[in-house]
Each structure stands twice: as structure tokens, then as C-alpha cells.
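Presented below is the structure to which this report refers.
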Protein chains: 2
Amino acid sequence: MTTIDASPLRGAERPGPRRQEVGAKIKEYILRNRLKPGDILPTEAELCEAVGASRSSVREAVKILSALDIVEVRHGHGTFVGRMSLAALVEGLTFRGLLSGEEDHHVLGQVVDVRQTLEQGLAAQVIAVLDSEHQAALSALADEMESLAAQGMDFLDVDRTFHVKLLEPLGNDLILQLTEAFWQVQAIVAPTLRTQQEDRLITAQRHRAIVHAVAAGNVEGLQAAIAEHYAPIRASIARVVQA
Amino acid sequence: MTTIDASPLRGAERPGPRRQEVGAKIKEYILRNRLKPGDILPTEAELCEAVGASRSSVREAVKILSALDIVEVRHGHGTFVGRMSLAALVEGLTFRGLLSGEEDHHVLGQVVDVRQTLEQGLAAQVIAVLDSEHQAALSALADEMESLAAQGMDFLDVDRTFHVKLLEPLGNDLILQLTEAFWQVQAIVAPTLRTQQEDRLITAQRHRAIVHAVAAGNVEGLQAAIAEHYAPIRASIARVVQA
DNA sequence: CGCCATTTGTGCGTATGTATT
DNA sequence: AAATACATACGCACAAATGGC
């Protein structure tokens, strides 16, 4: 028999809502079988039989797990173990930011705080583990940003790549994903405060200052450069609060 | 008519899965009506009619939103705007940690890295804004921890409160919630590496060192104290990796 | 207290869209 | 091109929980 049981659960218990129970069992199944991202899971019908629940309950449970990127559903193909990204964090924080952004942008300000804290706090380690290869890559990205800014174009993708590359040598996946997540939140929420084009030019130049500080191996200089890099967005937020 | 439309969507489009479309409309509804956490939403039946979808689709959409804590469903009562906590981050990261913890605990190690980076990076601000009231509270918590540790009892709740109180004066909700989220992940995942009782005693004492550094207004001393505070858990992780 | 209306939770049948073979 | 396997969507009926009367 292939019954999936998270816990022995004797006869008449009330383990909460059905979908929660089913979700727990699916997670148990993944753990017990040592499944990795991309591995396929049983079909809905099989899951129904295994956990003893109806399709509705199984579907709702799977949808919750897919929202957390613990599983990934591909229409007409099957259900697979997800890549466990921080997409849920992005969506949740983005919505909070949009909701708060109707008046002030205090959530956006907090996101900027966290980004700056993380990057400044990691400044010493970044300099310690930096190799010439990454340094060259960062420099090239700064060039590209300045070029795009000069043409009045936005450089969102380049900016995102820059901040990821900056922390990549640390070898900490979680920090990288958090960085990208907060970047995405800012990128989605920030446009509600229409930043001037001047700010973009300044921001581009501030990335070069970061590269210089990294190359010089100056920890305090890097921290200062990071702080100045976030100054324009902070000013934009403050501007809205006053108005 | 009370039709909820996120976008004009002309006749025959393919706006992706039904539940996604419905979820977007529900979020739109919350935004447009400036609803706050705790406010009630239309019933499932009303949502069905408003968005023109079946109850199954609406339910799946609502379940996804509830997983992100954007809405909160109370059986027999109704659906409400959620408190938008970071519960989804906790659940996702916890599962990742448990999955990786089957062999090494690299996810747990990354969580510790982030916690330490945040607290060290905020050390200067913490000292700057600290008042005597919070300082007394932290000292009392350190006392309690040492007392509990001496009796061989665990002090999880006290530890959690300590780290929250430490960063509370900063007035940044997001940082506070992230701190609590990562703390929860560590509290759930760490028990899979059975930490010795000695470590608990040491950890309790290290909290007192943090209090002293804060009181002394010594930024670098505080950062060092924070680093040493995380040393035992790091050692436990390293121990498992070797074995 | 019990009763009852409201609302969400669960189960099931069926038809449709999608991808692989 | 056809067949197969699978997820998607809809609709209905009933169960369970909550709150007010």
C-alpha cells in the first residue's frame, strides 16, 4: 500500500482542515523520498488515493504549496518539486508595498533599509573574497549603466545583475535570493513614485563609486558608497511624504 | 453592478490560469477599496459572481492568497484581509532547511549568516537610538535566560523576545519581522542537530555580553559579541558536516 | 440553552484544454 | 494524426463551524 501518513494519527482526531493535513503529507512525502527540485510527484488522482482525500482538497493543498514554490504544477504535464524560490516573499511584500504606497511609502523605505543594511554588513566579506574576474564584471556593468542612463534609457536588468554579482562571491544562496527578492519588490513598488531622470543618472554614477571602493579594498569607503547609492531613492520617498 | 475587473480585458484573451486572474482581481479589490488588515471581504458566492468564475476557482485563488497571508479565511465566518506576515517565508525556508538538513545543514548555516549580518549591520543604529528602558528590558531577559539555562530548561521564547527587543527601537517593522522569521526557521530546523546542553549555557551567557556592549555604547564590541553569540550554533553545524 | 441562517469546508461527476507518445 | 495521460474548470450537494436569536 502506498498510503502517505505524516503521523500515525489514530482514529478520531481533528488535525485541522483537510488541505493542511494533505499539504503536510505531501511535504512528508518529499522529505521521506529525498526528492529534489524538478522531481516528479504522484498525479492528483494518486495523491487523492494515497492521502484519502478528494480532488478538491488535494488541489487546494497543492495550490498552497505551489504559492510557496515547494511544488510546481505544469498544466497537462504533472506536478513537480519546486525550486523553493522566494517568490512568495516577493509577492507578499510587493502587495504590502503597494497598499502602503497609496499614501506614504514606508514599506518601500523599510525595504531600502534592509537592502542597505545587508550590503553594508557584507562589505568586508565582499572585499575579502573578491577576485579580479568579478571585479571586471562589476566594472563592465557600471559602464553599461552609465551608458544607458546617458541615453535616457532605464537600466533595471543591469542594476539587478550588479547587486547580485556584488554578493555572488560570498557563496550564500540565501543572501543572493534575498537580495534579488528585495530588489524585485523595490523595482515593482518604486515606480509609483515617479523618480526623476536626474536621479537615474546619479544612481548610475554611484555604482561606479562602489566598484572603485571594492577595487581599493576600502571597507569603510565601500559602506559609504553603498549608502550614497541609496540616497536618491530615499530622497524620492521623503519627497512624497512631504507632499 | 459590482463586477470586479482588474483590467478591461477584451473578449477572447488568454489571461493565464483562472485562479491567477481571480487572485489578481481580489488584490485589486483590496487596493481599490483601501481595505486594511481585518476588514471583511465578499463571500465566496459574491466573489464568484463578481469575477465570473466558479467556486472552485475562487477557492483556489483564495487559498493561494491565504498562503501569502494577504487574506485570512475563518471557517463559518468569512474571508478577511490578512495581516501580511512573513509566514510564507518561514514555511518555505523551513522546508528548505529540513530538506537540506538531511545531510549537511547548509541552509541553516545561511540563515545564521543572514541573522548575524543583519544584527551586526544594525549595531551602530541600535546603540544610537537605545534608551534606558529597552536596556533594562534586555538585561532582564538575559537574566532570565541564564536562570533557565542553569536549570537545564530551554529558553526559546526568551531568546526570541531578546532579539526582537534588541532591534525594536529602530522602528522598522520589516526588519523586526524578518528577524522573527529567521529566528523561527532556525528554531524549527536547528533541533535536527541535537545541540548539547553546554551550548545552551554558553549561548545564554553570550546574550549578557551583548547587553554589556550595548550599554557601553561600543559598536565594535557589540558586533563582536553578536558574532560570538552565533559561534555555538555554527560549531554544531560544522560538527554535523564532518560526521 | 437550543435553533437557525450564513459562510466556509469537502466530495464527486463531468467536460475541456494541454502536452507527450 | 490519433491516442493517452494529466491538469483545469465548472457545478452541485452535503458537512462543519460560527454567530445571532
Side-chain angles (χ1 to χ4, degrees), chain A residues 2-4 6 9 11-26 29-30 35 38-83, chain B residues 2-4 6 9 11-26 29-30 35 38-83:
Chain A
T2 54
T3 301
I4 300 175
L9 94 88
E13 292 266 334
R14 29 195 74 272
R18 211 86 173 106
R19 57 177 172 282
Q20 199 170 326
E21 186 186 353
V22 174
K25 286 182 180 177
I26 293 176
Y29 176 87
I30 296 174
L35 298 186
D39 290 349
I40 193 168
L41 268 66
T43 68
E44 287 184 351
E46 289 170 331
L47 283 176
C48 292
E49 193 185 0
V51 305
S54 74
R55 266 176 114 93
S56 317
S57 301
V58 170
R59 286 192 118 264
E60 289 181 5
V62 168
K63 264 60 201 173
I64 290 175
L65 294 181
S66 76
L68 305 175
D69 206 6
I70 287 176
V71 307
E72 180 187 350
V73 180
R74 273 176 284 187
H75 191 152
H77 194 193
T79 307
F80 305 80
V81 178
R83 293 175 314 164
Chain B
T2 53
T3 299
I4 300 175
L9 94 89
E13 291 269 335
R14 34 188 68 269
R18 211 84 176 106
R19 58 179 170 284
Q20 199 169 326
E21 186 186 354
V22 174
K25 287 181 180 178
I26 293 176
Y29 177 87
I30 296 174
L35 298 186
D39 289 351
I40 193 167
L41 268 66
T43 68
E44 289 182 351
E46 288 170 332
L47 284 175
C48 291
E49 194 184 359
V51 305
S54 75
R55 199 172 156 215
S56 316
S57 299
V58 170
R59 280 182 64 77
E60 288 182 7
V62 168
K63 264 60 203 173
I64 291 175
L65 294 181
S66 74
L68 305 175
D69 206 6
I70 288 177
V71 306
E72 180 187 348
V73 180
R74 271 176 282 184
H75 189 166
H77 193 189
T79 307
F80 305 81
V81 178
R83 292 174 314 164

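Chain naming here is simple, since letters A, B, ... match the order of the sequence lines and numbering starts at 1 in each. Remember, predicted model here, so these are calculated numbers, not experimental data.
- Applying a 4.0 Å cut-off to non-hydrogen atoms, the residues of residues 53-64 of chain A that approach DNA chain D are A:R55, A:R59, A:K63, listed by residue number.
- As a whole-Å value, the separation of A:Q20 CD from C:dG9 P is 11 Å.
- Closest to the side chain of A:R18, out of D:dA7, C:dG11, D:dT18, is C:dG11.
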Next on the checklist: Show me the dot-bracket string of DNA chain C, counting Watson-Crick or G-U pairs under 3.5 Å, with | for pairs to another strand and [ ] for crossing ones.
Outcome noted: .||||||||||||||||||||
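- Within 6.0 Å of the CZ atom in A:R74, the count of heavy atoms belonging to other residues, nucleotides or ligands exceeds 12.
- Using modelled atom types, one side-chain atom of B:E46 and one backbone atom of B:T43 make a donor-acceptor pair closer than 3.5 Å.
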Checklist entry - A:L41 and A:L35: side-chain contact (heavy atoms from CB on, under 4.5 Å), yes or no, with the steps? => result CA-CA 9 Å; A:L41 268 66; A:L35 298 186; 4.1 Å; yes
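- Atom CZ of B:R74 and atom C1' of C:dT7 are 12 Å apart (whole Å).
- To the nearest angstrom, C1' of C:dG11 lies 14 Å from CD of A:E44.
- Between A:E72 atom CD and D:dC6 atom P there is a gap of 18 Å when expressed in whole angstrom units.
- Distance check, rounded to the nearest 0.5 Å: OG of A:S57 to NZ of B:K63 gives 10.0 Å.
- A close approach under 4.0 Å does occur between a side-chain nitrogen or oxygen of A:R19 and OP1 or OP2 of C:dG9.
- The CD atom of A:E60 lies 9.0 Å from the OG atom of B:S66; values are rounded to the nearest 0.5 Å.
- A salt bridge links B:R18 to B:E21: one of the charged nitrogens lies within less than 4.0 Å of a carboxylate oxygen.
- With rounding to whole Å, B:L47 atom CG is found 12 Å from C:dT8 atom C1'.
- For the pair A:V62 and A:E44, the minimum side-chain heavy-atom distance is 4.5 Å or more.
- Between atom OG1 of residue B:T79 and atom CZ of residue B:R59 there is a gap of 9.0 Å, rounded to the nearest 0.5 Å.
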Next on the checklist: Run the side-chain contact (heavy atoms from CB on, under 4.5 Å) test on B:I30 and B:D39 for me, step by step, so that the C-alpha distance in whole Å, both residues' side-chain angles and the decisive distance to 0.1 Å come before the verdict.
Outcome noted: CA-CA 9 Å; B:I30 296 174; B:D39 289 351; over 6 Å; no
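- Of the listed nucleotides (C:dT20, C:dT8, D:dT8), C:dT20 has the atom at the smallest distance from the side chain of A:H77.
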